[in-house]
A.B. asks: 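Before anything else, here's the structure in question.
The chains referred to below are lettered A, B, ... by the order of the sequence lines, with proteins before strands, and numbering in each begins at 1.
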Amino acid sequence: MIDIKYLRENPEVVKASQKGRGEDESIVDKVLASDELRRVALDIFEKLRAEQNLFSKTVAAAKAEERPALLENAKELATAVKEADNKRTELEEATKNLVMQLSNVLDPNAPIGGEADFVVLEHIGTPRTFDFEPKDHVELGKLLGAIDTERGAKVAGSRSYYLTGSGALLEFALINYAISSALKAGFTPVIPPVLVNPAAMEGTGFLGQAAENVYRIEKDDVYLVGTSEVPLAAMHMDEVLPAEKLPMRYAGYSSCFRREAGTYGKDTRGIIRVHQFDKVEMFSFCHPDQAKEEHARLLQWEKDFLDAMEIPYRVIDVASGDLGSSANRKFDIEAWIPTQNAYREVTSTSNCTEFQARRLNIRYRDADGTKAIATLNGTLVAIPRMIVAILENHQNADGTVNIPKALQPFLGRDRFELV
RNA sequence: GGAGGAUUCGCAUAGCGGCCGAGUGCGCACGCUUGGAAAGCGUGUAUAGGGCAACCUAUCGAGGGUUCAAAUCCCUCAUCCUCCGCCA
């Protein structure tokens with residue numbers, strides 16, 4: 001949610017931002033108009049209410065026999081107050097509904113354009129040249145007894161899979177490596193709830209344009225999270241955090257559930273795009289003045305992870321039209337996938353500035369009072385895609401796969417063998 | 001699933017339908033006292049909105065209702081605690 005005061009003072013900036021995202025800029029004027037009406041209604045209500053409060057006091061002070069006369073007109077006043085109150089509430093809601101439609105104000109450095117207009121910031125590592133025909137992760141997964149998509153489909157439907165043997169062990173190793181590096185970086189490890197209430201889902205902004213991709217358990221009115229960003233962000237909902245404790249960094253490990261609506265025919269083979277996967281997510285509550293620096297740090301930790309996995313990748317600055325509504329800037333890391341001859345997204349980090357915190361009512365307190373905090377998130381490791389990248393990049397001609405050095409201590413060996 | 005109890009200012013508690021935005025204790029901040037500290041004493045100590053300001057308005061788990069007036073009465077819901085049942 002955008003700060004209405006900021007919007008009042010900088011309508012042109014917000015309009016330009018909406019335009020840059022390819023979103024409706026006329027909302028800005030609608031908000032301003034609605035806000036004006038709201039303030040008038042608020043003023044009317046407050047004056048009437050003040051009158052009523054004052055009157056009530058005179059009633060209280062009056063003698064018993066004088067009261068009936070005093071109460072004569074009081075009912076009318078009470079009705080007027082109630083009416084004004086309803087009007088005020090109505091306009092407050094209308095204004096809020098409009099404000100909620102606005103996306104976060106873009107970082108001036110974010111590239112403007114659609115999905116294809118990202119800017120490549122850097123390439124790290126060199127894609128390997130194979131002296132044999134590389135196999136894709138589905139084939140390798142079968143040879144290693146690591147991934148079983150056929151039985152996944154049988155039991156759970158499309159985009160489902162089993163990780164077995166080496167695959168399961170690889171997940172544990174990745175998680176353990178991720179958590180131990182997060183600990184070194186000062187993160188608090190968290191295993192959050194993955195079943196959350198509407199307030200948490202709504203507050204983190206996943207019931208807006210992303211609602212189609214969220215699983216909902218209607219009977220109990222709860223949602224399955226698509227990322228632990230949701231329970232991590234909502235963890236401090238309605239709280240005031242002390243400024244000296246910032247940044248507060250959490251590394252959440254959880255399953256993630258995604259309906260993948262509207263992706264029919266896209267990445268249908270293998271485990272690049274699935275309905276359920278595990279992920280370690282970094283989340284930071286920080287001082288708004290520190291958000292940019294924190295964003296750079298999250299990106300660096302993501303890069304460190306890819307470096308440790310010895311996988312070539314590139315970093316892209318995601319274009320305005322492809323940002324989530326909460327993010328004002330987003331960097332994706334794309335790993336080289338040999339059999340696709342392409343870089344594919346494996347991790348992503350977003351700076352949500354105070355946008356998300358305002359919805360969730362999370363503030364920090366310093367000497368000057370309380371203000372909205374900044375929130376940032378970034379993927380440390382999303383299991384299936386990392387498995388794809390590791391298998392495909394580190395495969396040998398016979399189908400065995402070399403294990404990156406960083407993971408060897410967690411697996412007790414240096415190679416995955418055929419089954 | 002059933003039966004009770006609770007939810008008030010950072011924490012602990014008090015609170016008769018009007019004098020309660022709310023008392024007390026602790027904590028915290030500032031001041032006095034002291035060679036310095038502790039103790040003691042004094043003062044202050046919520047958030048949000050509107051207004052240039054004085055000030056006004058809202059908020060006692062949430063949402064409704066009764067009333068001229070609700071922390072206080074009624075209804076619904078949420079969370080927590082205790083007991084019973086059930087399952088691990």
A.B. asks: With a 3.5 Å limit on both atom pairs, tell me what B:U34 is paired to, counting Watson-Crick and G-U wobble, or say none.
C.D. replies: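 Partner of B:U34: none.
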
A.B. asks: Within the pair A:N53 and B:U57, is there a side-chain N or O less than 4.0 Å away from OP1 or OP2?
C.D. replies: yes

A.B. asks: If the C1' atom of B:C60 is compared with that of B:A46, how far apart are they to the nearest Å?
C.D. replies: 12 Å

A.B. asks: In whole Å, what separates the C1' atom of B:C86 from that of B:A70?
C.D. replies: 42 Å

A.B. asks: Using 30° and 60° as the class boundaries, would you call the ring planes of A:F285 and A:Y250 parallel, tilted or perpendicular?
C.D. replies: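 A:F285 vs A:Y250 ring planes: perpendicular.
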
A.B. asks: Taking any strand in view, what nucleotide pairs with B:U13 in a Watson-Crick or G-U wobble way, both distances under 3.5 Å?
C.D. replies: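 Its partner is B:G23.
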
A.B. asks: What distance, rounded to whole Å, do you find between the two P atoms, one in B:G50 and one in B:U45?
C.D. replies: 23 Å

A.B. asks: Distance check, P atoms only: B:C80 and B:C16, in whole angstrom units.
C.D. replies: 28 Å

A.B. asks: Starting from the C-alpha separation in whole Å, work towards a yes-or-no answer on side chain to side chain donor-acceptor pair (under 3.5 Å) for A:N402 and A:D414.
C.D. replies: CA-CA 6 Å; A:N402 300 328; A:D414 59 11; over 6 Å; no

A.B. asks: Should B:C60 form a Watson-Crick or G-U wobble pair with both distances under 3.5 Å, which nucleotide is its partner?
C.D. replies: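 Pairing partner: none.
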
A.B. asks: If you check the A:R39 side chain, which of B:G18, B:G50, B:U57 turns out closest?
C.D. replies: B:G50

A.B. asks: Among B:A46, B:A69, B:C56, find the nucleotide with the atom closest to the side chain of A:R365.
C.D. replies: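 The answer is B:A46.
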
A.B. asks: Pick base, sugar-phosphate or nothing for A:R8, based on heavy-atom distances below 4.0 Å to the nucleic acid.
C.D. replies: sugar-phosphate

A.B. asks: Which nucleotide sits closest to the side chain of A:R38: B:C68, B:U47, B:G50?
C.D. replies: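 Closest nucleotide among those given: B:G50.
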
A.B. asks: Once you round it to whole Å, what is the distance between P of B:G49 and NZ of A:K47?
C.D. replies: 19 Å

A.B. asks: With rounding to the nearest 0.5 angstrom, report the CG to CD1 distance, A:L102 to A:I27.
C.D. replies: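 Those atoms lie 5.0 Å apart.
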
A.B. asks: For A:K82 and for A:A50, find the nucleotide of RNA chain B with the closest heavy atom, then tell me which residue's nucleotide is more 5'.
C.D. replies: A:A50

A.B. asks: Closest nucleotide of RNA chain B for A:R363 versus for A:D35: which of these residues is on the 5' side?
C.D. replies: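 So the residue in question is A:R363.
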
A.B. asks: Counting Watson-Crick and G-U wobble pairs only, both distances under 3.5 Å, name the nucleotide matched with B:A78, or none.
C.D. replies: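 Check on B:A78: paired to B:U7, both distances under 3.5 Å.
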
A.B. asks: Would you call the rings of A:F187 and A:W301 parallel, tilted or perpendicular, taking 30° and 60° as the class edges?
C.D. replies: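 Plane angle over 60°, so perpendicular.
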
A.B. asks: Specify the separation, in whole Å, of atom CZ of A:F55 and atom P of B:U67.
C.D. replies: 16 Å

A.B. asks: Using atom P in both nucleotides, what's the gap between B:U72 and B:C19 to the nearest angstrom?
C.D. replies: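 Their P atoms lie roughly 13 Å apart.
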
A.B. asks: If B:A54 has a Watson-Crick or G-U wobble mate with both distances under 3.5 Å, name it; if not, just say none.
C.D. replies: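 Paired with B:A54, as far as the under-3.5 Å criterion goes, is no nucleotide at all.
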
A.B. asks: I want to check one thing: is the phosphate of B:A58, taken as OP1 and OP2, less than 4.0 Å away from some side-chain N or O of A:R49?
C.D. replies: yes

A.B. asks: Would you confirm whether the ring centroid of A:F277 sits within less than 6.0 angstrom of the ring centroid of A:Y161?
C.D. replies: no

A.B. asks: Can you check the distance between B:C26 and B:A38, where both ends of the measurement are the P atom (answer in whole Å)?
C.D. replies: 16 Å

